[in-house]
Amino acid sequence: MDSLDKTFVKALFSSVYYRGYKEIEIYVLNTLLHIFQTMKINDYLHQDFRTVDEIIGRFGLHEQSGPFLQWAFDYTAYLGYLERNNDAYQLINPITAINREENLPQILQFIPSADIFINLIRIIETGIKDFLEGWVKGGDLLFGDATIVNLWNSNFNNDFYGYAVVNHGIAYGITKWFSQTNGSSMLEVGSRTSGASAMTFQLLRDNNLLDSLHTIVLTDMVPTLLEKGRSNIKLQVTDPPLYEQRILDINSPIDGQGFSGETFDIIFGVNVLHVARDLSFTLQELRSHLNKDGMLILAETTRPAANRPMHHEFIFNLLENYHDVKLDPEMRPQHGFLTREQWLKNFHKAGFRNIEYLSELDHYDNISFDLKPLHSFLVLKGQK
Ligand SMILES: C[S@@+](CC[C@H](N)C(=O)[O-])C[C@H]1O[C@@H](n2cnc3c(N)ncnc32)[C@H](O)[C@@H]1O
């Protein structure tokens, strides 16, 4: 293992972190059971098997609650508290007293910065009834006021270990594979507040590669996020490079959105493409904007298995753009995060060659790790 690989493994893997993750899973489970209780769904769900539609009809909920409830029942069933029979669910034990505060100290002991995520969950919980009944949209619940926007900015930040791991991954992948391209132009999609851009710049700088880039374009759909990204880059990167920021929607053709046929040596994105409305279209679109030998590199949170619901989805299933995507039985059977195998299939189908990946799951031998992986991530590269 060379020194770059060693830095990667050291930055990413710790069994302590995964212990914290396990505790977070329990916290989210207890939160859901608590929501079922306060919405008075508990008894009805305990009496017999019920479908999501039956719950929506019986309790007068809005149709926008469907994806959240579906995930909530799948998640609760996966962790053993509901039984599933085709599309219907039954609560095994009507949980009456749930003390969520019990596992909080453990979470914080293992992952001190996880308090940000817990606070997000708490704020969302206070508005979940209004969301389920259709009085507020998920976007309003998640981005409605300054308190929650600040929490978002803290959560999607390199200071939060649970989030920064994937940014380490992309920085490592780009640096590792950099020499396979001409290495002079780079485009990022879904930059948000530039946590990934900053880590990438710094690792390229540390490896004397940054100055070979003469064009760097960082893009997102939300101008205020990009603005915040500028100050993050300034704070987090030694001698930052010149770069420009533009608005770009990955669901529409790139040309015409301020671009006219520009091509790049490297295009990258972190946890963005799983919300592409039509993944096949977006992959082809990005590929068509690569130079010959150019590469697309993605870092994506992955599901360990296609049917494995994940705790982060407590938040994301409130958003239409998370679940309103084009499905395909083979390439994209479920919305949200994909499995490693699904990503590989999609890269092959889009015509990429020299596909390589770094998967956290493959590095478990390098750490003393005795828990089953709860979630994972992938850094995936395809060349034109
Ligand atoms: C998980 S964040 C990326 C975080 C970023 N890597 C960082 O370190 O801060 C996903 C980003 O994708 C953006 N996004 C969502 N849908 C998009 C679309 N259709 N086109 C472009 N960006 C999109 C969101 O605005 C968000 O900033």
Side-chain angles (χ1 to χ4, degrees), residues 21-100 102-103 121 124-138 141 274 303-320 322-330 332-339 342 372-375:
Y21 243 79
K22 201 172 163 63
E23 295 297 332
I24 291 178
E25 285 222 312
I26 296 166
Y27 187 90
V28 171
L29 168 74
N30 284 343
T31 303
L32 287 175
L33 293 171
H34 201 256
I35 291 170
F36 297 162
Q37 205 170 41
T38 51
M39 295 292 294
K40 306 198 188 328
I41 295 173
N42 255 14
D43 286 344
Y44 184 65
L45 203 51
H46 180 53
Q47 288 155 6
D48 206 344
F49 281 93
R50 316 287 187 189
T51 64
V52 169
D53 285 347
E54 280 169 345
I55 299 278
I56 289 178
R58 167 72 191 250
F59 294 91
L61 304 180
H62 191 273
E63 62 178 30
Q64 71 177 5
S65 64
F68 177 85
L69 288 174
Q70 182 70 58
W71 164 81
F73 293 160
D74 284 339
Y75 184 87
T76 314
Y78 192 89
L79 293 176
Y81 286 77
L82 287 184
E83 208 168 313
R84 183 174 181 168
N85 183 0
N86 295 320
D87 286 345
Y89 304 80
Q90 184 172 24
L91 192 58
I92 298 169
N93 287 313
I95 315 292
T96 43
I98 301 144
N99 185 359
R100 273 172 301 167
E102 256 173 31
N103 69 330
I121 297 286
I124 292 165
E125 190 188 351
T126 60
I128 199 76
K129 185 168 185 290
D130 285 345
F131 169 79
L132 295 175
E133 291 176 351
W135 303 110
V136 290
K137 294 262 168 235
L141 183 59
H274 64 262
R303 282 178 208 279
N307 62 356
R308 172 57 153 121
M310 288 151 77
H311 72 259
H312 328 57
E313 297 178 291
F314 181 95
I315 299 176
F316 301 132
N317 271 310
L318 302 172
L319 292 170
E320 213 174 300
Y322 186 71
H323 55 77
D324 189 18
V325 300
K326 190 171 158 191
L327 297 181
D328 175 279
E330 203 195 335
R332 202 182 192 188
Q334 79 285 336
H335 72 256
F337 302 113
L338 284 80
T339 63
Q342 288 164 356
K372 270 177 86 182
L374 302 168
H375 90 309

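Just so it is clear, the model here is predicted, and its values are computed rather than measured.
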Exercise for the section: Run the salt-bridge test on Glu313 and Arg308 with the 4.0 Å N-O cut-off and return the result as yes or no. Expected result: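 Salt bridge absent between Glu313 and Arg308.
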So, for [X] and [Y], which heavy atoms are closest and what is the spacing to 0.1 Å?
X      : Y      : result
Leu327 : Pro333 : CD1-O, 4.0 Å
Ala305 : Thr339 : C-CG2, 3.7 Å
His311 : Tyr21  : CE1-CE2, 3.0 Å
Glu54  : Arg50  : OE1-CA, 3.2 Å
Val28  : Ile121 : CG2-CD1, 4.4 Å
Val52  : Gly66  : CG1-O, 4.1 Å

Practice task
Determine, stepwise, if the pair Ile124 / Phe131 fulfils side chain to side chain contact (heavy atoms under 4.5 Å, CB included).
Solution key: CA-CA 9 Å; Ile124 292 165; Phe131 169 79; over 6 Å; no
Completion exercise
Across all chains, not counting sequence neighbours, the ring-ring contact (aromatic ring centres under 6.0 Å, His included) partners of Phe68 are Trp71, Phe314
If we ignore angles and hydrogens, is there a donor and acceptor under 3.5 Å between the side chains of [X] and [Y]?
X      : Y      : answer
Tyr89  : Gln70  : yes
Gln342 : Glu330 : no
Asp324 : His335 : no

Give, for atom [atom1] of [X] and atom [atom2] of [Y], the distance between the pair rounded to the nearest 0.5 Å.
X      : Y      : atom1 : atom2 : answer
Thr76  : Leu32  : OG1   : CG    : 5.0 Å
Leu141 : Thr126 : CG    : OG1   : 7.0 Å
Met39  : Ile55  : CE    : CD1   : 10.0 Å
His46  : Phe36  : NE2   : CZ    : 14.5 Å
Leu91  : Tyr44  : CG    : OH    : 13.5 Å
Phe59  : Leu69  : CZ    : CG    : 10.5 Å

Handout entry: Summary of side-chain hydrogen bond (donor to acceptor under 3.5 Å, both in side chains) pairs that have at least one residue in residues 55-64, sequence neighbours excluded
Key = none
Name all residues meeting the salt bridge (Lys or Arg N to Asp or Glu O under 4.0 Å) criterion together with [X]; count only those two or more places apart in sequence or in a different chain, and write none if there are none.
X      : answer
Glu125 : Arg100
Asp48  : none
Glu133 : Lys129

Give a yes or no on whether the backbone of [Y] and the side-chain of [X] come within a donor-acceptor separation of less than 3.5 Å.
X      : Y      : answer
Arg303 : Phe337 : yes
Ser65  : Leu61  : no
Asn103 : Glu23  : yes

Handout entry: side chain to side chain contact (heavy atoms under 4.5 Å, CB included) evaluation trace for Ile128 with Leu318
Key = CA-CA 9 Å; Ile128 199 76; Leu318 302 172; 3.8 Å; yes
Exercise for the section: Sequence neighbours left out, what passes side chain to side chain donor-acceptor pair (under 3.5 Å) with Tyr75? Give chain and number order. Expected result: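 Residues passing side chain to side chain donor-acceptor pair (under 3.5 Å) with Tyr75: none at all.
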Exercise for the section: Return the orientation label for the Tyr322 and His274 ring planes: parallel under 30°, perpendicular over 60°, tilted otherwise. Expected result: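 Plane angle over 60°, so perpendicular.
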Practice task
Please determine which of Asp74, Leu45, Ile92 meets the side chain to side chain contact (heavy atoms under 4.5 Å, CB included) test together with Leu82.
Solution key: Leu45
Exercise for the section: Could you tell me whether Glu320 atom CD has more than 12 heavy atoms of other residues or ligands within 6.0 Å of it? Expected result: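 12 or below, so no.
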Practice task
Show your working on side chain to side chain contact (heavy atoms under 4.5 Å, CB included) between Asn85 and Gln90 and close with a plain yes or no.
Solution key: CA-CA 8 Å; Asn85 183 0; Gln90 184 172 24; over 6 Å; no
